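Given the structure is predicted, the values throughout are model-derived calculations rather than measurements. In listed order, ligands and their atoms are each counted from 1.
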Amino acid sequence: MPRVTLNDGHAIPQFGLGVYHVPPEDTADIVRTALELGYRHVDTAQGYGNEAGVGQGLRDAGVAREDVWITTKLDDEAHGYDAARAALDESLRRLGTDHVDLFLVHRPGEQDVETWRAFEALREDGRVRSVGLSNFGRRGIERLVERTGLVPAVNQIRVNPRTPHRGLQRYHRRRGITTESWGPLREGRLVGHPTARRVAARVGRTPAQVILRWHLQRGIVVFPKSADPARLAENIGITDFVLSRRDMAAIDLVRRRP
Ligand code: NAD
């Protein structure tokens with residue numbers, strides 16, 4: 001699996017598993033299955049209520065902690081300097097680990113500057129390796145950088161061929177911020193798109209695979225969610241083919257044809 005080197009030097013696996021809406025009681029099984037299939041990156045959040053299952057799945061699979069990238073995100077109710085630090089400790093307890101690889105501010109809030117200072121402190125004391133934002137626009141990011149001097153390693157936003165957010169990604173690149181995509185399949189809706197199906201037939205892959213591959217070739221970090229073992233296997237099968245410029249351009253047109 002390719003990795004992307006972040007602006008702080010850490011290398012994140014470019015593909016992983018998202019566990020939004022995965023019920024807490026099913027999470028350990030799904031995470032273990034994914035790890036057995038070769039996944040090495042899990043994207044969870046305090047708000048998903050399934051961090052304990054992520055930690056359990058990791059232990060059940062018997063994969064070394066250092067070999068798996070774990071991202072979690074701060075709950076909207078835990079903004080502020082002390083609250084954010086305490087919330088991270090709770091995440092570590094639920095995950096059963098002494099650090100997370102990436103901690104994100106899930107959404108902008110009133111106390112972003114204090115929250116971001118807490119993230120900086122958490123990174124300095126090693127409980128968090130990389131820090132980033134999610135659902136921030138350019139102005140919100142610039143404000144934080146101006147006030148604290150700390151540039152986020154990533155911004156996780158809703159990107160897919162239908163809503164590519166090219167302008168925001170150009171800004172990320174200029175700032176050295178890596179783009180992470182949430183909802184890369186548009187919650188599954190893009191797999192039925194005629195263009196995705198046509199490109200998939202041309203290259204002998206599935207629509208989900210060509211859409212996920214489009215993200216990889218644009219340098220985006222992606223972690224589709226699935227609870228189905230066959231789809232988990234399908235989604236990770238995107239490293240042994242390359243989309244041509246023509247295929248990439250065809251998928252770009254998804255934007256114009258809903
Ligand atoms: P997604 O685009 O990954 O779509 C997931 C849905 O697509 C699944 O529920 C399934 O129905 C379908 N699917 C998956 N693989 C398929 C396949 N091979 N063929 C056909 N259908 C398939 O949407 P998502 O889960 O919302 O986003 C991915 C991850 O991004 C989440 O799990 C979560 O980790 C993260 N996320 C973050 C935020 C945020 O605010 N930062 C918001 C939403 C999601």
Side-chain angles (χ1 to χ4, degrees), residues 12-24 26-27 30-31 33-34 37 39-51 53-54 57 68-77 79 91 95 100-109 131-137 140-141 152-165 168 172 177-194 196-197 199-201 205-216 220-238 251 254:
I12 184 171
Q14 208 187 343
F15 174 88
L17 171 70
V19 293
Y20 183 41
H21 281 323
V22 174
D26 299 339
T27 305
I30 290 164
V31 168
T33 303
L37 287 164
Y39 285 66
R40 289 295 179 269
H41 169 177
V42 182
D43 182 276
T44 184
Q46 293 172 347
Y48 301 170
N50 56 19
E51 290 174 311
V54 171
V68 182
W69 182 282
I70 298 178
T71 297
T72 195
K73 314 184 192 82
L74 180 70
D75 195 88
D76 295 341
E77 304 299 315
H79 281 222
S91 279
L95 287 160
V100 292
D101 298 277
L102 177 61
F103 194 30
L104 303 180
V105 181
H106 205 150
R107 287 175 204 85
V131 291
L133 304 172
S134 180
N135 300 305
F136 274 66
I141 298 174
V154 313
N155 187 26
Q156 184 180 122
I157 55 174
R158 187 163 194 264
V159 166
N160 58 56
R162 189 84 186 87
T163 51
H165 291 299
L168 185 52
H172 286 167
I177 299 168
T178 294
T179 303
E180 290 195 331
S181 153
W182 64 259
L185 300 172
R186 259 188 130 225
E187 296 81 35
R189 277 169 290 161
L190 279 181
V191 301
H193 195 285
R197 288 165 61 170
V199 174
R205 296 286 169 155
T206 69
Q209 287 175 326
V210 298
I211 292 166
L212 295 171
R213 181 75 207 177
W214 174 92
H215 289 84
L216 290 196
I220 298 167
V221 176
V222 75
F223 27 81
K225 176 243 160 184
S226 180
D228 170 26
R231 283 179 173 173
L232 288 172
E234 175 187 338
N235 293 348
I236 198 176
I238 54 171
I251 296 173
V254 164

Could you tell me the residue and atom name of the protein heavy atom closest to [atom], and the distance to it rounded to 0.1 Å?
atom                    : answer
atom 16 (C) of ligand 1 : Arg231 CD, 3.6 Å
atom 2 (O) of ligand 1  : Leu185 N, 2.8 Å
atom 33 (C) of ligand 1 : Tyr48 OH, 3.3 Å
atom 31 (C) of ligand 1 : Tyr20 CB, 3.4 Å
atom 6 (C) of ligand 1  : Glu187 C, 3.6 Å
atom 28 (C) of ligand 1 : Phe223 O, 3.4 Å
atom 25 (O) of ligand 1 : Lys225 CB, 3.1 Å
atom 37 (C) of ligand 1 : Gln156 OE1, 3.1 Å

With a 4.0 Å heavy-atom cut-off (strictly under), which part of Arg186 contacts ligand 1: side chain, backbone, both or neither?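 The answer is the backbone.
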Does only the side chain of Pro184 get under 4.0 Å from ligand 1, or the backbone, or both, or neither? Count heavy atoms. both
Would you say the side chain of [Y] lies within less than 4.5 Å of the side chain of [X], judging by non-hydrogen atoms?
X      : Y      : answer
Val105 : His79  : yes
Ile236 : Phe15  : yes
Trp182 : Gln156 : yes
Tyr20  : Glu187 : no
Leu17  : Ile30  : yes
Tyr39  : Asn235 : yes
Ile211 : Asn160 : no

Name all residues meeting the side chain to side chain contact (heavy atoms under 4.5 Å, CB included) criterion together with Arg205; count only those two or more places apart in sequence or in a different chain, and write none if there are none.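 Residues passing side chain to side chain contact (heavy atoms under 4.5 Å, CB included) with Arg205: Val203, Gln209, Val210, Asp240, Phe241.
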Please list, chain by chain and in numerical order, all residues satisfying side chain to side chain contact (heavy atoms under 4.5 Å, CB included) with Pro207, sequence neighbours excluded. Val191, Ala196, Arg197, Ala200
Option set Asn235, Asp228, Leu232, Val19, criterion heavy-atom distance to atom 15 (N) of ligand 1, minimum: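 Nearest option to atom 15 (N) of ligand 1, by heavy atoms: Asn235.
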Atom 23 (O) of ligand 1: which of Ala45, Gly183, Ala227 has the nearest heavy atom?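 Shortest heavy-atom distance from atom 23 (O) of ligand 1: Gly183.
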Looking at ligand 1, does any of its N/O atoms fall within less than 3.5 Å of an N/O of [X]?
X      : value
Val191 : no
Ser181 : no
Arg107 : no
Lys73  : no

Using a strict 4.0 Å cut-off to heavy atoms of [X], name the atoms of ligand 1 that fall inside it.
X      : value
Asp43  : 33 (C), 34 (O), 35 (C)
Asn135 : 39 (C), 40 (O), 41 (N)
Pro224 : 3 (O)
Gly188 : 4 (O), 6 (C), 7 (O), 12 (C)
His106 : 39 (C), 40 (O), 41 (N)
Glu234 : 18 (N)
Ala208 : 17 (C), 18 (N)

Around atom CD of Glu77, are there more than 12 heavy atoms from other residues, nucleotides or ligands closer than 6.0 Å?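 Counting other residues, nucleotides and ligands, CD of Glu77 stays at 12 neighbours or fewer.
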If you take all heavy atoms of Gln46 and Asp75, which pair is closest and at what distance? OE1-N, 2.7 Å
Checking Gln14 side chain against Leu216 main chain: does a donor-acceptor pair fall under 3.5 Å?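 Yes, because the side chain of Gln14 sits within donor-acceptor range (under 3.5 Å) of the backbone of Leu216.
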Donor-acceptor under 3.5 Å (Ser181 side chain, Val159 main chain): yes
Sole candidate of Leu102, Val221, Ile70, Val68 that passes side-chain contact (heavy atoms from CB on, under 4.5 Å) when paired with His41: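 Only match with His41 under side-chain contact (heavy atoms from CB on, under 4.5 Å): Val221.
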